[in-house]
Participant: 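Below you will find the structure I want to go over with you.
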Amino acid sequence: MSTIIEPLRGVHDILPAQAAAWRFLEQTTREVFAAYGYEEFRVPIIEQTQLFKRSIGDFTDIVEKEMFSFVDQGEDHITLRPEATAGIARAVISNGMLRTGRLRVWCMGPMFRRERPQAGRYRQFHQIDAEAFGFEGPDIDAEMILLSARLLRRLGLSRIKLHLNSLGTPAARAAYRERLVAYFSTYESQLDEDSRRRLHGNPLRILDSKHPDTQRIVAGAPHLADSLDPESKTHFETLCGHLRAAGIEYHVDQRLVRGLDYYTRTVFEWITDSLGSQSTVCAGGRYDGLVAQLGGAPTPGIGWAMGQERIVMLLEKQGRIVPADGPQVYLIASGERAQRAGLELAERLREARPDLRLQVNMGGGNFKAQFKRADKSGARYAIVLGDDEVARGTVSWKDLRGGQAQQECAIDRVAERIGVLLGNEQANTG
RNA sequence: GUGGACGUAGCUCAGCUGGUAGAGCCCCGGAUUGUGAUUCCGGCCGUCGCGGGUUCGAGUCCCGUCGUCCACCCCA
């Protein structure tokens, strides 16, 4: 007897029972992106380790200790992508896609971070990702946020709040960063360990430290808003105006700085109060310097990422019923002749109605057993084919959910019959 | 990475102060003829996460380990 192989820590199977919620999320995502004219982009899951070091920032926890990195047989330094933006930016440059100026894309897929797992925080997790390149003005910032808002609304989720802030231009941010370093340096000995470590790497992160002592020091720190350059200020105010006009509620959060180094100007997060400490459901911002940093022509960019596991958790928690896609019709066939006739009939029906979801009983069984399976399949109707029906050239037809009596109809009129019945059903369920 | 709680059948859980495991659901079969979902009867299912220790004896106590979860950290 060999021992059972367990999954790796922090990775999960998505079981068929859960897949409906995922499919609903993914289908809705496709529709919403299409509604805004965004194109799907598929990029690799593995990239050169250097890509993430250069884009996300050497001093972020992600790069410092959370990446799944390895050297392969050919001495290549490879990393499983911990986020999507860097890979998309790289792909946009590699494929010369910026020559046409502007680009609005989205992608969806697994990401990897070697964190300590918790509900809503996994080592392999999935994100929906939106990116736009080549747009300088705040209109695209607004569109990005409106798009995410519409997606959340279309999913039927509520009680998710939008937090908003601006980090300024790279220059203003750099100046602010210096001011911040100067300020925190005078209190260096009083800072907590993590904050001290970040002081010269990513001092903005110190702002949202939860250490009480550090927080006291943070309270006296120079304000980001005061250091904003006039252009960034205007940019931010225009964005806020767009959001108000569109009826999107938001909360300006001075502490919101985001963890990744590449952000500039607009940053935002959608936050829920029903997921414990994994409260951010979607987050993003502008990264005007990233493309140039990765060797492309200087091009402004903005994007966001949404955590799919967290969304699915919210769908469950908020009791959203997602459309199932089990069979509509279950075909029962008993006896050798009936089985053969049943298989043939099923194929004919699928030919006639490509959208039909029809499950054929397999593995035999008496009528009782087959009806049990028909019931369990969730199908609305059962088509019954036994020796009697075969002899008569008919099928019996049973409504498993309604009170209608069982009927019989000619075998070559079944497709027509399905059209009538499921047509009605679709009208009823919208 | 730090601190803490938990880990018993496929699922949800019970098992008092240590005496070699139970329920419900699920699944399978039956209640005369080719009919499910209800009811009744019967049946299957566990190295009590794993490893070590204490003990005559451990699911129950101790240690370690793995995993899940909570907070921190980080972040989607």
Participant: Expressed in angstrom and rounded to an integer, what is the separation of Arg121(A) atom CZ from C70(B) atom C1'?
Facilitator: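 That distance rounds to 11 Å.
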Participant: Name the pairing partner of G1(B), where a pair is Watson-Crick or G-U wobble with both distances under 3.5 Å, or state none.
Facilitator: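 G1(B) is paired with C72(B).
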Participant: Rounded to the nearest Å, what distance is computed from the CE atom of residue Met111(A) to the C1' atom of nucleotide C75(B)?
Facilitator: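 Spelled out: CE on Met111(A) to C1' on C75(B) is 13 Å.
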Participant: Could you state the atom-to-atom distance from CG of Leu275(A) to C1' of A76(B) in whole Å?
Facilitator: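 The distance from CG of Leu275(A) to C1' of A76(B) comes to 11 Å, rounded to the nearest Å.
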Participant: Rounding to an integer number of angstrom, what distance separates G29(B) and G18(B) when you compare their P atoms?
Facilitator: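 Their P atoms lie roughly 45 Å apart.
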Participant: If each of Thr280(A) and Ser277(A) is mapped to the nucleotide of RNA chain B with the nearest heavy atom, which maps nearer the 5' terminus, i.e. the 5' end?
Facilitator: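 Its nearest nucleotide being more 5', the pick is Ser277(A).
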Participant: Inspect the contact between Lys161(A) and Glu249(A) and indicate whether a charged nitrogen and a carboxylate oxygen are less than 4.0 angstrom apart.
Facilitator: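 No, Glu249(A) and Lys161(A) are not salt-bridged.
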Participant: Return yes when atom CZ of Arg413(A) has more than 12 non-hydrogen atoms of other residues, nucleotides or ligands closer than 6.0 Å, and no otherwise.
Facilitator: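 12 or below, so no.
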Participant: Round to the nearest Å and state the distance from Glu269(A) atom CD to C74(B) atom C1'.
Facilitator: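 Rounded to the whole Å, the gap is 12 Å.
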Participant: Just compare G36(B), G34(B), C70(B) and give me whichever is closest to any side-chain atom of Gln118(A).
Facilitator: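 Looking only at heavy atoms from C-beta outward on Gln118(A), the closest nucleotide is C70(B).
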Participant: Using both distances under 3.5 Å as the test, list the Watson-Crick or G-U wobble partner of U65(B), or none.
Facilitator: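 Because both required distances fall under 3.5 Å, U65(B) counts as paired with G49(B).
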Participant: Using atom CG of Leu152(A) as one end and atom C1' of A76(B) as the other, report the distance to the nearest whole Å.
Facilitator: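 Those two atoms, CG and C1', are 12 Å apart.
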Participant: Quick one: is C28(B) close enough that its OP1 or OP2 comes under 4.0 Å of any side-chain N or O from Lys376(A)?
Facilitator: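 Checking Lys376(A) against C28(B): at least one side-chain N or O falls below 4.0 Å of OP1 or OP2.
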Participant: How about Trp106(A) and Tyr38(A): are their ring centroids closer than 6.0 Å?
Facilitator: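 No, the ring of Trp106(A) stays outside the 6.0 Å limit from the ring of Tyr38(A), centre to centre.
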Participant: So, OP1 or OP2 of G67(B): does either fall under 4.0 Å of a side-chain N or O from Arg9(A)?
Facilitator: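 True: Arg9(A) side-chain N/O within range (under 4.0 Å) of G67(B) OP1/OP2.
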Participant: Going by modelled atom types, is there a donor-acceptor pair between the base of G3(B) and the side chain of Arg116(A) at under 3.5 Å?
Facilitator: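 A donor-acceptor contact between them is present.
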Participant: Hey, is the side chain of Glu389(A) pairing donor to acceptor with the base of G34(B) inside 3.5 Å?
Facilitator: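 Such a pair is found, so the answer is yes.
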Participant: Tell me whether the side-chain N or O atoms of Lys368(A) pair up with the base of U35(B) as donor and acceptor below 3.5 Å, since no angle test is needed here.
Facilitator: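 For Lys368(A), whose side chain was compared with the base of U35(B), there is no donor-acceptor pair (under 3.5 Å).
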Participant: Answer yes when Glu40(A) and Arg42(A) have at least one side-chain N-carboxylate O distance shorter than 4.0 Å, and no when they do not.
Facilitator: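 Looking at Arg42(A) together with Glu40(A), the answer is yes, because their closest N to O distance falls below 4.0 Å.
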Participant: What integer number of Å spans the C1' atoms of G67(B) and G49(B)?
Facilitator: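 Straight-line distance between the two C1' atoms is 7 Å.
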Participant: When you compare C11(B) with C45(B), how far apart are their C1' atoms, in angstrom units rounded to a whole number?
Facilitator: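 Those two atoms are separated by 13 Å.
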Participant: Let me know the distance between CG of Asp399(A) and P of U35(B), rounded to the nearest Å.
Facilitator: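 One finds 18 Å between P of U35(B) and CG of Asp399(A), rounded.
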Participant: Expressed in whole Å, how much space separates the P atoms belonging to A37(B) and C25(B)?
Facilitator: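 The same atom, P, in both gives a distance of 14 Å.
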Participant: Just verifying a value: how many Å separate Arg348(A) CZ and Glu344(A) CD, rounded to the nearest 0.5 Å?
Facilitator: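 That separation rounds to 5.0 Å.
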Participant: For a quick check of understanding: with a heavy-atom distance under 4.0 Å over all strands, which category does Arg373(A) fall into, base, sugar-phosphate or nothing?
Facilitator: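 The residue Arg373(A) makes no contact with any strand.
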Participant: For Tyr330(A), answer base if it contacts any base atom (sugar-phosphate contacts may also be present), sugar-phosphate if it contacts only those atoms, and nothing otherwise; contact means non-hydrogen atoms under 4.0 Å.
Facilitator: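 Nothing, no heavy atom under 4.0 Å.
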Participant: Out of curiosity, Arg350(A) CZ to Leu356(A) CG, how far, rounded to the nearest 0.5 Å?
Facilitator: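 Going from the CZ atom of Arg350(A) to the CG atom of Leu356(A) covers 7.5 Å.
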Participant: Students often get this wrong, so: under 4.0 angstrom with heavy atoms, is Ala119(A) touching a base, only sugar-phosphate, or nothing?
Facilitator: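 Answer is sugar-phosphate: Ala119(A) comes under 4.0 Å of backbone atoms only.
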Participant: Heavy atoms only, 4.0 Å cut-off, all strands: where does Gly276(A) land among base, sugar-phosphate and nothing?
Facilitator: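 Contact class for Gly276(A): sugar-phosphate only.
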Participant: Whole angstroms only, please: what is the CH2-P distance between Trp270(A) and C75(B)?
Facilitator: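 From Trp270(A) CH2 to C75(B) P: 21 Å.
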Participant: Using whole Å, report how far CZ of Arg205(A) lies from C1' of C74(B).
Facilitator: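 After rounding, the reported distance stands at 7 Å.
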Participant: Which base sits across from G18(B) as a Watson-Crick or G-U pair, both distances under 3.5 Å?
Facilitator: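 G18(B) is unpaired by these criteria.
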Participant: With the side chain of Pro117(A) defined as its heavy atoms from C-beta on, choose the nearest nucleotide among G36(B), A76(B), C69(B).
Facilitator: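 Shortest atom-to-atom distance from the side chain points to C69(B).
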Participant: What about Glu115(A), does its side chain sit under 3.5 Å from the base of A76(B) through a donor-acceptor pair?
Facilitator: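 Counting by modelled atom types and ignoring angles, a donor-acceptor contact under 3.5 Å is found here.
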Participant: Quantified in whole Å, what is the P atom distance between nucleotide G59(B) and nucleotide G1(B)?
Facilitator: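 Taking atom P in both G59(B) and G1(B), they lie 32 Å apart.
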Participant: What's Gly10(A) touching, base or sugar-phosphate or nothing? Going by heavy atoms closer than 4.0 Å.
Facilitator: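 Sugar-phosphate: the residue Gly10(A), judged by heavy atoms under 4.0 Å, touches backbone atoms but no base.
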Participant: May I ask you to decide whether Glu47(A) forms a salt bridge with Arg90(A), counting only side-chain N to carboxylate O separations under 4.0 Å?
Facilitator: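 Salt bridge: yes.
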Participant: Suppose we call two aromatic rings close when their centres sit under 6.0 Å apart. Are Trp270(A) and His163(A) close by that rule?
Facilitator: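 That pair fails the under 6.0 Å test.
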Participant: Taking the P atom in each of U17(B) and U54(B), what is the distance between them to the nearest angstrom?
Facilitator: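 Looking at atom P only, U17(B) and U54(B) are 24 Å apart.
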Participant: Looking at Ser396(A), does any N or O in its side chain come under 4.0 Å of the phosphate oxygens OP1/OP2 on G34(B)?
Facilitator: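 So the side-chain polar atoms of Ser396(A) never come under 4.0 Å of the phosphate oxygens OP1 or OP2 of G34(B).
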Participant: Could you give the distance separating C13(B) and G46(B) at their C1' atoms, to the nearest angstrom?
Facilitator: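 Result for the C1' pair: 15 Å, nearest Å.
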Participant: As a test of reading the structure: which of A76(B), U68(B), U35(B) is closest to the side chain of Val384(A), going by heavy atoms?
Facilitator: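 In terms of side-chain proximity for Val384(A), the closest of A76(B), U68(B), U35(B) is U35(B).
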Participant: Stacking check: are the rings of Phe371(A) and U35(B) less than 5.5 Å apart at their centres and under 30 degrees in tilt?
Facilitator: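 Answer is yes, a stack.
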Participant: Hunt down the Watson-Crick or G-U wobble partner of G42(B), both distances under 3.5 Å, from any strand shown, or write none.
Facilitator: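 Base partner found: C28(B).
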Participant: Please give the distance between the P atoms of G64(B) and C73(B) as a whole number of Å.
Facilitator: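 Taking atom P in both G64(B) and C73(B), they lie 27 Å apart.
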